[in-house]
Number of protein chains: 2
Amino acid sequence: MATATNAPTAAPATTLNGVPVDQLVATVAAIQAIPSLAKFNFRINNAWSGGSQNRSTAAGFYGAGQQQSRTQPFILEADEPAVLLGKDTAANPVEHLLHALASCLTTSMVYHAAARGIRIERVESTFEGDIDLRGFLELDKSVRQGYQGIRVTFKIKADVPEDRLSEILRLGSAHSPVFDSLLNGVPISLTAKSL
Amino acid sequence: MATATNAPTAAPATTLNGVPVDQLVATVAAIQAIPSLAKFNFRINNAWSGGSQNRSTAAGFYGAGQQQSRTQPFILEADEPAVLLGKDTAANPVEHLLHALASCLTTSMVYHAAARGIRIERVESTFEGDIDLRGFLELDKSVRQGYQGIRVTFKIKADVPEDRLSEILRLGSAHSPVFDSLLNGVPISLTAKSL
């Protein structure tokens, strides 16, 4: 296994925060040499199960120059709670959105801290967002359908002074693909076909 | 159970597409009478498990004028595939984002079709998006961290002529909270504290 001794910001250990820093450094070097290795295409398939219920499968993706497939696809369920006319068998779509944001901010923060030799011991976070259903129900055109705002609180245990914790969190928000996507928006194209 | 006979757009049946249209009509009437019932606050807690792994819990939310709690919280896992230095035990954050979008567009479309008396038999969809890892790795400042674009294809079996399928899909995109959030962006506030 390669060591990270030739990386300017690498940690002394080859693994920090559970992140294989040597592989991270090797990935950066590979992409610097061949930028097309950085191109990823993620995809899911979804099937409606009736009413408020549907299910996505995440089987494979394209990245690092090739198709990447999993032996077993991941199944992601969605439903709505009773008050939103569902059966409450799974988290609902806007909760899944908060999970996507939470998981991406956390992983981005931990990876970039590891690359800088910052040891993180524990991370917990809360995410909450406001939605006014009058947007979804088209009862008030001035009310948006989506989240009006999302508030994020991270609690971090790390070997830095407390006043530097916001810098560590910024390692997440400055690099997270989901944070950027949700904060700044993404172009989305829609096509409908007959089944 | 109330019937939907007094609703201008209600279907003949009280349930259509698996959606209890009578309850949907009653919800609209309740919110028209008391607009504050439309205010929802969704939330999750996330805990880092080390490296690429973390887990969210969706236990309860505020909506319809009161705290709503589940007897058992839903657990949402996240990991990264090996090529992104993870253990590949769960879908990754950007796949969860596609699931949030897929589930919300599907549910929004099905609910609004039911409210208009449009019967939908089957729905399947694919979602794919492009990410250039040079954004995450800060190797090129001109490359964004997030999705550069997302392409959505819905296949729908419904009792309408094929050239009206895009109108049915538009019932989803015009009302979906996640679609609006992701297309147009959401203000996000971040706070870091010591654990």
Side-chain angles (χ1 to χ4, degrees), chain A residues 18 38 40 42-44 46-48 50-51 54 56 58 64 74 76 78 83 91 93-100 102-104 106 123-125 128 131-134 145-147 149-155 157 162 165-166 169 177-178 180-181 185-195, chain B residues 18 38 40 42-44 46-48 50-51 54 56 58 64 74 76 78 83 91 93-100 102-104 106 123-125 128 131-134 145-147 149-155 157 162 165-166 169 177-178 180-181 185-195:
Chain A
F40 278 67
F42 293 98
R43 49 184 180 265
I44 61 157
N46 185 278
W48 177 50
N54 61 79
S56 296
F74 297 116
L76 308 173
V83 73
V94 295
E95 292 173 322
H96 281 291
L97 184 63
L98 295 182
H99 172 58
S103 55
C104 199
T106 300
V123 184
E124 295 177 8
S125 54
E128 62 167 315
I131 289 179
D132 187 323
L133 215 59
R134 290 177 297 170
Q145 291 81 38
Y147 275 119
I150 294 174
R151 293 171 296 284
V152 177
T153 304
F154 268 82
K155 293 187 179 175
K157 187 171 182 187
E162 178 149 4
L165 290 177
S166 59
L169 177 51
V178 175
D180 172 31
S181 297
V186 175
I188 306 173
S189 71
L190 297 168
T191 304
K193 296 180 181 179
S194 175
L195 183 67
Chain B
F40 278 67
F42 293 98
R43 49 183 181 267
I44 60 156
N46 185 278
W48 177 50
N54 62 78
S56 296
F74 297 115
L76 308 173
V83 73
V94 296
E95 291 173 322
H96 282 290
L97 184 64
L98 295 182
H99 172 57
S103 55
C104 199
T106 300
V123 183
E124 295 177 6
S125 54
E128 61 166 317
I131 290 180
D132 187 323
L133 215 59
R134 289 177 298 169
Q145 291 81 37
Y147 275 118
I150 294 174
R151 292 172 295 285
V152 176
T153 303
F154 268 82
K155 291 187 180 175
K157 187 172 181 185
E162 177 148 5
L165 291 177
S166 59
L169 177 51
V178 174
D180 172 31
S181 297
V186 175
I188 306 173
S189 72
L190 297 168
T191 305
K193 296 179 180 179
S194 176
L195 183 68

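All chains are named by letter (A, B, ...) in the order of the sequence lines, taking the proteins before the strands, and each is independently numbered beginning at 1.
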Undergrad: Quick one: are Leu97(B) and Leu97(A) in side-chain contact, heavy atoms under 4.5 Å?
TA: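 Answer yes - side chains close enough.
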Undergrad: Any heavy-atom pair between the side chains of Asn46(B) and His99(A) that's under 4.5 Å?
TA: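 Yes, their side chains come closer than 4.5 Å.
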Undergrad: Side chain, backbone, both or neither: which part of Leu169(A) has a heavy atom under 4.5 Å from chain B?
TA: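 For Leu169(A), the contact with chain B is made by the side chain alone.
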Undergrad: Specify which of Val178(B), Ile188(B), Val83(B), Thr153(B) makes the most heavy-atom pairs with chain A at under 4.5 Å.
TA: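 Top option by heavy-atom pairs under 4.5 Å: Ile188(B).
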Undergrad: For Phe40(B), is it the side chain, the backbone, both or neither that has a heavy atom under 4.5 Å from a heavy atom of chain A?
TA: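 Both backbone and side chain.
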Undergrad: Looking only at heavy atoms and a cut-off of under 4.5 Å, which of Leu98(B), Asp132(B), Ile131(B), Leu195(B) has the most pairs with chain A?
TA: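 Option with the greatest count: Leu195(B).
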Undergrad: Please confirm whether the backbone N or O of Glu162(A) pairs with a side-chain atom of Ser194(B), one donor and one acceptor, at under 3.5 Å?
TA: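 Looks like no, no N/O pair under 3.5 Å.
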Undergrad: Heavy-atom distance under 4.5 Å to chain B: side chain of Phe154(A), backbone, both or neither?
TA: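 Both backbone and side chain.
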Undergrad: Under 4.5 Å, counting heavy-atom pairs only, tell me which of Arg151(B), Glu128(B), Lys157(B) racks up the most with chain A.
TA: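 Looking at each of Arg151(B), Glu128(B), Lys157(B) in turn, Glu128(B) comes out on top.
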Undergrad: Look at Ala38(B), Ala58(B), Gly18(B) and state which one has the largest set of heavy-atom pairs under 4.5 Å with chain A.
TA: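 Highest number of pairs under 4.5 Å: Ala38(B).
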Undergrad: Let me confirm one number: the CG-CD1 distance from Leu190(A) to Ile150(B), rounded to the nearest 0.5 Å.
TA: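 Between Leu190(A) CG and Ile150(B) CD1, I get 10.5 Å after rounding to 0.5 Å.
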Undergrad: Under a 4.5 Å heavy-atom cutoff, which of Ser56(B), Ser125(B), Gly50(B), Ala64(B) has the most pairs with chain A?
TA: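 Heavy-atom pair counts peak at Ser125(B).
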Undergrad: I need the minimum non-hydrogen distance between Glu95(B) and Ile44(A), along with the two atoms involved.
TA: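 It is O-CG2, 4.1 Å.
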Undergrad: Write down the atom of Gly146(A), the atom of Ser181(B), and the distance for their closest heavy-atom approach.
TA: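 For Gly146(A) versus Ser181(B), the nearest heavy atoms are CA-OG, 3.4 Å.
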Undergrad: Quick one: of Thr106(A), Leu165(A), Val94(A), Thr191(A), who has the most non-hydrogen atom pairs under 4.5 Å with chain B?
TA: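 The candidate making the most pairs under 4.5 Å is Thr191(A).
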Undergrad: List the atom of Leu76(B), the atom of His96(A), and the distance in Å for their closest heavy-atom pair.
TA: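 Between these two residues, the closest heavy atoms are CD2-CE1, 3.6 Å.
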Undergrad: Look at Ala47(B), Ala102(B), Ala78(B), Ala91(B) and state which one has the largest set of heavy-atom pairs under 4.5 Å with chain A.
TA: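 Among the listed options, the one with the most contacts to chain A is Ala91(B).
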Undergrad: Look up atom NZ in Lys193(A) and atom CD in Glu124(B), then write down how far apart they are to the nearest 0.5 Å.
TA: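 Rounded to the nearest 0.5 Å, the NZ-CD separation comes to 12.5 Å.
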